[in-house]
Number of protein chains: 2
Amino acid sequence: MNDVARLAGVSIKTVSRVVNDEPGVHEQTARQVLAAIESLGFRRNMGARNLRQGVTTATVGLLLEDVSNPFYSGLTRGVEEVARQFGRRVLSASSDEDPVQARELALDFCARRVDGLLIVPAGREQGYLAAEIRAGTPVVFIDRPGGDVTADTVLMDNVGGTMMAVAHLAEHGHRHIGFLGDDPEIFTAAERLRGFREGCARAGIERGAEFAAMGPHDEHSIGTALRAMFDRSVTALIGGNNRITIGLLRVLAGMPERPALIGFDDFELADLLDPPVTVIAHDAKALGHAAAGRLFARIQGDDSPHRDLVLPARLVPRGSGEISP
Amino acid sequence: MNDVARLAGVSIKTVSRVVNDEPGVHEQTARQVLAAIESLGFRRNMGARNLRQGVTTATVGLLLEDVSNPFYSGLTRGVEEVARQFGRRVLSASSDEDPVQARELALDFCARRVDGLLIVPAGREQGYLAAEIRAGTPVVFIDRPGGDVTADTVLMDNVGGTMMAVAHLAEHGHRHIGFLGDDPEIFTAAERLRGFREGCARAGIERGAEFAAMGPHDEHSIGTALRAMFDRSVTALIGGNNRITIGLLRVLAGMPERPALIGFDDFELADLLDPPVTVIAHDAKALGHAAAGRLFARIQGDDSPHRDLVLPARLVPRGSGEISP
DNA sequence: GGCTACGATGACAACGTTGTCAGGGACACG
DNA sequence: CGTGTCCCTGACAACGTTGTCATCGTAGCC
């Protein structure tokens with residue numbers, strides 16, 4: 001800015017005025033300044049500006065499990081869209097479900113003075129965020145609650161969705177149902193398991209006829225779980241998330257059994273498989289929209305009590321869930 | 001920092017020393033400072049630090065077309081991994097293939113003083129970047145060259161990949177092949193079209209027996225194109241990218257014809273469809289790794305001449321491409 | 001002519017941090 | 001006791017901006 005001022009023969013403050021479109025600059029002067037800016041390729045240093053103005057970095061932090069998972073990349077897209085409307089950029093990072101990394105990344109975001117934080121919590125304890133929240137950084141938890149920290153939360157109806165899946169299978173005559181879920185340390189996995197049990201209870205399925213194999217899962221563990229389930233005459237399966245459902249499909253392709261199947265999380269091409277895969281769907285992008293909406297409301301000063309939003313899940317029957325035993 | 005200093009009864013500089021693990025602070029003093037930091041929840045302001053030190057924001061900008069496209073989210077993941085190794089965060093944004101937005105976002109990244117820029121160019125002209133590059137911001141173009149701006153570029157072998165696809169189909173007896181590509185304004189689409197034509201020429205397919213329908217495409221335009229192609233006895237198709245291939249599959253599901261099919265870009269579940277989809281595969285994450293690797297080399301001072309890297313594509317035969325006419 | 005009003009511009013401080021350098025106390029040595 | 005050395009600490013400036021306030025010149029008015 002100094003250089004620009006010197007070249008244009010004005011003071012640095014006048015350059016600042018031009019850059020900020022402030023009124024009260026002679027048109028001729030402004031032209032000179034603009035010419036100098038152009039020829040020097042000057043670009044205002046946002047860091048310094050933020051420092052001086054003291055408020056916003058026009059950035060929000062998004063911490064999730066893995067960007068390359070379609071569920072999270074859809075979510076990211078949703079967040080990005082809202083952020084752009086509010087003139088913010090999105091700083092994103094993947095925690096890989098590791099609480100230590102998550103903590104480190106979140107604190108790094110805070111040190112960069114993001115305007116707000118969107119977090120898919122990894123692990124049960126988010127205590128380190130309490131100080132940040134007290135300090136005024138708005139936080140919204142996505143997909144899972146913050147555990148020991150209270151803040152706005154946007155969830156999906158994990159329990160209801162899984163219950164729907166069980167009810168649907170029961171309606172089609174299944175009395176022996178298997179559930180393959182993720183590590184129950186993960187909130188959504190635990191909730192879906194709860195929904196599974198509750199659903200079985202409501203459908204009058206005996207305690208001995210519901211089978212749950214919780215993860216983490218790879219194709220090998222899925223294969224093992226499946227064989228055990230088939231041995232106990234399971235005729236229908238529920239995949240606890242998109243990764244597991246796809247793993248299931250891959251393993252099933254190499255086995256003779258053709259059980260009914262419902263997956264939690266919709267995924268691309270589910271409708272083109274044979275049979276098309278019935279899923280419990282929810283909208284990742286909408287989740288991003290909702291969470292970012294909440295965050296920007298907070299950023300703009302909304303200080304109403306914390307709100308928990310639960311987005312509905314819906315059953316999309318496509319064929320695989322309508323197979324009778 | 002002031003508050004911490006006051007509470008600990010030391011000067012602000014000593015706090016700075018403690019925060020930066022500088023040597024020469026009495027252990028007792030350091031403990032007091034740490035206690036004060038803890039009790040006040042102090043977190044160093046990175047913006048101010050960067051301003052003072054004048055160098056790095058520990059951030060790189062990643063500008064792509066759409067994060068929610070699996071190709072780009074895989075790429076993002078690759079970039080993120082390398083960035084983390086180098087202690088950087090990733091600021092990402094989607095341009096939606098709109099040159100105006102791309103320009104705006106890229107300049108915004110520059111104003112934030114990112115350490116480097118990874119760009120999937122939208123549109124043919126990247127001239128606005130020239131000034132930034134001169135000013136010392138390293139730029140790496142991904143997936144498409146920068147057009148009027150020269151900088152490191154990491155591409156995939158679009159021409160070679162498409163030629164491979166054509167050759168593969170020709171080997172299986174096809175003499176009438178259709179290519180559904182994206183808008184030829186997009187570099188990759190134009191290159192793949194070129195590969196298609198070149199491949200046909202080499203396979204001895206007559207000029208009148210190759211059909212190209214360039215996009216942008218939706219299911220409707222794909223349907224129209226397909227009917228026209230079938231009318232001219234096309235027996236094999238190439239999908240120009242993951243979106244188009246999936247659109248093709250969806251449209252074909254509602255038609256009686258079962259042509260051979262090869263898709264450019266691998267996609268999840270391609271192996272589980274019926275028939276499994278043969279694709280030209282390349283590794284989006286590897287693309288991200290390579291590009292980020294280049295960028296960090298530049299950031300760390302590598303000033304060798306610009307390099308163009310072309311990552312290989314490979315044909316993954318799965319069934320759909322091995323159907324004979 | 002002397003006054004105010006106003007438009008254009010600049011000097012200076014401040015944002016939160018760190019690099020430089022100087023100060024002060026303790027200790028050893030001559 | 002004076003001097004030099006080492007360790008610890010603090011005062012101050014600077015990074016690139018912008019907000020506040022002062023200054024200057026000119027025009028308009030009585």
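Letters A, B, ... are given to chains in the order of the sequence lines, protein chains preceding strands, and every chain is numbered from 1.
Judged purely by atom type and a 3.5 angstrom limit, A/Asn45 uses its side chain to pair as donor or acceptor with the backbone of A/Gly47. Side-chain atoms of B/Thr150 do not come within 3.5 Å of backbone N or O of B/Asp148 as any donor-acceptor pair. Side chain of B/Arg88 to backbone of B/Val60: no donor-acceptor contact under 3.5 angstrom is found. One N or O on the side chain of B/Asp115 and one on the backbone of B/Thr57 form a donor-acceptor pair closer than 3.5 Å.
On the nucleic acid side, DNA chain C contacts chain A at distances under 4.0 Å to non-hydrogen atoms, with the end points of that region at C/dA8 to C/dG16.
The pair B/Glu132-A/Arg43 meets the salt-bridge criterion, since a charged nitrogen lies less than 4.0 angstrom from a carboxylate oxygen. The residues B/Glu104 and A/Arg84 are annotated as not salt-bridged, no charged nitrogen and carboxylate oxygen being separated by less than 4.0 angstrom.
In terms of position on DNA chain D, the residue among A/Asn20 and B/Lys13 whose nearest nucleotide sits closer to the 5' end is B/Lys13. Sequence order on DNA chain C of the closest nucleotides to A/Arg17 and B/Asn45 puts A/Arg17 first from the 5' end.
Proximity of A/Val67 to A/Thr76: side-chain heavy atoms (C-beta onward) are separated by under 4.5 Å at one or more points. Within the 4.5 Å cutoff, the side chain of B/Leu62 has no heavy atoms near those of the B/Glu80 side chain.
B/Val10 comes within 4.0 angstrom of sugar-phosphate atoms only, judged by non-hydrogen atoms across all strands, and of no base. B/Thr14 comes within 4.0 angstrom of sugar-phosphate atoms only, judged by non-hydrogen atoms across all strands, and of no base.
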After noting the C-alpha distance and the side-chain angles of A/Asp96 and A/Ser94, does the key distance pass the side-chain hydrogen bond (donor to acceptor under 3.5 Å, both in side chains) rule?
CA-CA 6 Å; A/Asp96 286 321; A/Ser94 305; 5.6 Å; no
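The aromatic rings of B/Phe71 and B/His282 lie perpendicular to each other, with more than 60° between the two planes, well past the 30° mark.
Taking every heavy atom of residues 22-35 of chain B and every atom of DNA chain D, pairs under 4.0 Å involve B/Gly24, B/Val25, B/His26, B/Thr29, by number.
The C1' atoms of five pairs define one axis at each end of the helix from C/dG1-D/dC30 to C/dG30-D/dC1, and these two axes lie 70° apart (to 10°).
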